[in-house]
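Take a look at the structure below.
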Amino acid sequence: MAKSKNNAKKVSYISVPSQIINSLSSSSLQSLLIPPKKPSANRFFWLKWFRSPRFWFLALFLCGFLGMLKLWYTLDPLIPLSPYSCVTSQSELQDSFSNGHTRQQVGFVSNDEINDKKDQEVGSMNARELKFEAGIKSNEVKHESLKGVVDFQGGISGGVEEESEFWKQPDGLGYKPCLKFSSDYRRGSELIFEDRRKYLLVVVSGGLNQQRNQIVDAVVIARILGAALVVPILQVNVIWRDESEFSDIFDLENFKRVLANDVRIVSSLPSYHLTRRPVVESRTPLHVSPQWIRARYLKRLNREGVLLLRGLDSRLSKDLPSDLQKLRCKVAFHALRFAPPVLELGNKLAERMQSKGPYLALHLRMELDVWVRTGCHHGLSHDYDEIINKERKQRPELLTAKSNMTCHERKLAGLCPLNALEVARLLKALGAPKSASIYWAGGQPLGGKEALLPLTREFPNFYNKEDLALPGELKPFANKASLMAAIDYLVSENSDVFMPSHGGNMGHAIQGHRAYAGHKKYITPNKRHMLPYFLNSSLPEAEFNRVIKELHHDSLGQPELRTSKAGRDVTKYPVPECMCKDSHTHVL
């Protein structure tokens, strides 16, 4: 008991003055006397969760999920290129994209719908607005500088260095036109003009640029035979039904004047030859030499006085003596100038494009007859592919492609025209800015505006001659395909950059013209090598762009020697016969 008492708790007391106690309130006094309660375990509930790894894992999962939802709803529906574009419609391609293709996989980026709508409003400006804008922008945009790209709203676009790189011109290596003929050639001219007994008649066929090529060769053949050339007759084309004559398309007086020292040009046969039947030749072999021509025709021409040639396309060899190659260039680049009305309107439209700054010209080969002739499908829809197949069966003579190849095999071999989606992806990969002004040459594509949508969505500043011409300006040329093609040719020739979607006579002619003008930029799509990358949907966009730029590094219009490959046309590759680096160049 004694131990228990000793262990009892001792109570201590503190004496507090009464003045202090009286100054405290009852609540304050109670807080001093009653000990504080221990904090409840519920107050540490959120602290425990905050320290828990599960909490952070759940938070990261929710953030990632919300981010994916935001990214999904802001993506535009894009149209990837199908590995079987010959048989798959673009609407089906859109469906396949919505089932799993991502923006990076297709390597093709589009902007949101708001920007598209604004850009389309700008792209639909009528001709009057274009003319008004040309006056306003003339002091804002300097065409020659090419240091930046100014959009239609007047602001400087982003990525100026990359955009200016697209407009950068290739190094011409100092090549300039030089058409100095030899003394033997000049002495031969005197003998030709003394002989007035021989006349050459030619009938040229095909479209405008096919006719140009045949006229060039007709002049050279007349020179080889020492005959006067009657102004060429243009055969009515079976597709376009254009009845234009030589003087409707070309400047006849300029044609005669430029060639005055080379070949005698006459408008018609002398009256004493009208009653005589000419020697007709329509089966000239391909790529014949000057020696073959003299051996075949000269004796009969001396006897009859008149020779009529048909179907001259690719009949004359591409490898001729130097003087005759120079004559080809003289005809193509100097004598065959377009008629004044065509030249005037073509230059006006080019000036309207130039008023916006640098511009790109595209030659799109998407017409029905092109798909029929090449044996390809553009993949817009099964209905349009059936139209192509039906036309091909009804007119098998139009098919110029290899009949033993399937559509897909032709595509992979680079034998098919690029469609609008492929053109858009190629231009984007090469660095073309979205604000770029684009002039497109060519006939109406199969499928109309729908066929062009993948291109116009990416590059809304998209024009053709109908968009640029003022009311009534195109009326004199209506229903005349050759004159319309000539207008396209002029606007394309004056562009800062030119690219065809498919090889052809117009593309080849413009390539030679741009080379002769100082090697202005000309993009040659490397279809055979680039299409496998177009079909690879897993290739990241940055890698796709790098590969495409690398494939086209040497296909931008740089000087190429015609003699580096056999069979090249000098009017397409004018170096070295028609262009040289001599300090004393001579053109005419």
Would you say [X] and [Y] make side-chain contact, with heavy atoms under 4.5 Å?
| X | Y | value |
| --- | --- | --- |
| K326 | L320 | no |
| M506 | S492 | yes |
| M530 | L426 | yes |

Over 60° means perpendicular and under 30° means parallel, so classify the ring planes of F338 and Y489, tilted if in between.
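Y489 and F338: perpendicular rings.
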Can the positive tip of [X] be found less than 6.0 Å from the middle of the six-membered ring of [Y], inside 45° of the ring normal?
| X | Y | result |
| --- | --- | --- |
| R514 | Y522 | no |
| K581 | Y175 | yes |
| K411 | F534 | no |
| K318 | Y573 | no |
| R212 | F250 | no |

Quick check: does any side chain N or O of [X] sit under 3.5 Å from a backbone N or O of [Y], one acting as donor and the other as acceptor?
| X | Y | result |
| --- | --- | --- |
| R410 | G375 | yes |
| E165 | L430 | no |
| N254 | A335 | yes |
| E245 | E243 | no |
| N526 | H552 | no |
| D217 | V220 | no |
| K465 | A441 | no |
| E344 | P341 | no |

For the residue pair P433 and W167, what are the closest heavy atoms and their distance?
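For P433 versus W167, the nearest heavy atoms are CG-NE1, 4.1 Å.
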Could you point out which residue of L316, V219, N213 forms a side chain to side chain contact (heavy atoms under 4.5 Å, CB included) with R328?
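Exactly one option meets the side chain to side chain contact (heavy atoms under 4.5 Å, CB included) with R328, and it is L316.
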Are [X] and [Y] close enough that a side-chain donor and a side-chain acceptor fall under 3.5 Å?
| X | Y | result |
| --- | --- | --- |
| S482 | D242 | yes |
| K527 | H502 | yes |
| H363 | Y439 | no |
| N494 | Q354 | no |
| S317 | D319 | no |
| S164 | K168 | no |
| N505 | H508 | no |

Just how far is it from atom [atom1] of [X] to atom [atom2] of [Y], taken to the nearest 0.5 Å?
| X | Y | atom1 | atom2 | value |
| --- | --- | --- | --- | --- |
| E550 | H553 | CD | NE2 | 7.0 Å |
| M353 | D496 | CE | CG | 9.5 Å |
| E458 | K434 | CD | NZ | 5.0 Å |

Which residue pairs satisfy the disulfide (SG to SG under 2.5 Å) criterion with at least one member in residues 326-366, sequence neighbours excluded?
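Applying disulfide (SG to SG under 2.5 Å) to every pair that reaches into residues 326-366, excluding sequence neighbours, yields C329-C578.
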Considering residues at least two apart in sequence or located in another chain, which fulfil the side-chain hydrogen bond (donor to acceptor under 3.5 Å, both in side chains) criterion with N209?
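In terms of side-chain hydrogen bond (donor to acceptor under 3.5 Å, both in side chains), with neighbours along the sequence ignored, N209 is linked to no residue.
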Looking only at the SG atoms, are C580 and C178 under 2.5 Å from each other?
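The sulfur gammas are closer than 2.5 Å, so yes.
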Exceeds 12 heavy-atom contacts within 6.0 angstrom, atom CD of E543:
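Count over threshold, so yes.
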